[in-house]
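Report on the structure given below.
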Amino acid sequence: MEIKIGVQHAARELSLESELSAEEVEKAVSAALTGKSGVLVLSDEKGRKVIVPAERLAYIEIGEPTARRVGFGAL
């Protein structure tokens, strides 16, 4: 699933591919905004983590799950 994170006062958005479902991402964002930690922590398919302060979140865009493409077929 592709996730795009807009951060306040940053020129570019963060983009990552995650194995989380849309519901899991939504729960993580809600927990970050209402919890004591104050940070959103997500990990991508390769195990790398993205940590964003909750007060700096501008938006979260959750994409559709995509099937992995194999081969050299036409797009």
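A quick note: this is a predicted structure, and the numbers were derived from the prediction, not measured.
No more than 12 heavy-atom neighbours from other residues, nucleotides or ligands sit within 6.0 angstrom of CD on E26.
Distance check, rounded to the nearest 0.5 Å: OG of S21 to NZ of K27 gives 7.5 Å. For the atom pair E19 CD and S43 OG, the distance stands at 8.0 Å (nearest 0.5 Å). In this structure, CD in E61 is found 6.5 Å from CD in E13, a value given to the nearest 0.5 Å. Between atom CG of residue L16 and atom CD of residue E2 there is a gap of 8.5 Å, rounded to the nearest 0.5 Å. A distance of 10.0 Å separates CG in L20 from CD in E45, rounded to the nearest 0.5 Å.
Although no hydrogens or angles enter the test, the distance criterion places no donor-acceptor pair under 3.5 Å between the side chain of S15 and the main chain of K4.
At least one side-chain heavy atom of I5 sits less than 4.5 Å from a side-chain heavy atom of L57. R56 is listed as a side-chain neighbour of V7, based on a closest heavy-atom distance under 4.5 Å. In this structure the side chain of I3 reaches within 4.5 angstrom of the side chain of M1, judged on heavy atoms.
The other members of the hydrophobic cluster of V39, by chain and number, are V41, I51 (side-chain heavy atoms under 4.5 Å, ILVMFWY only).
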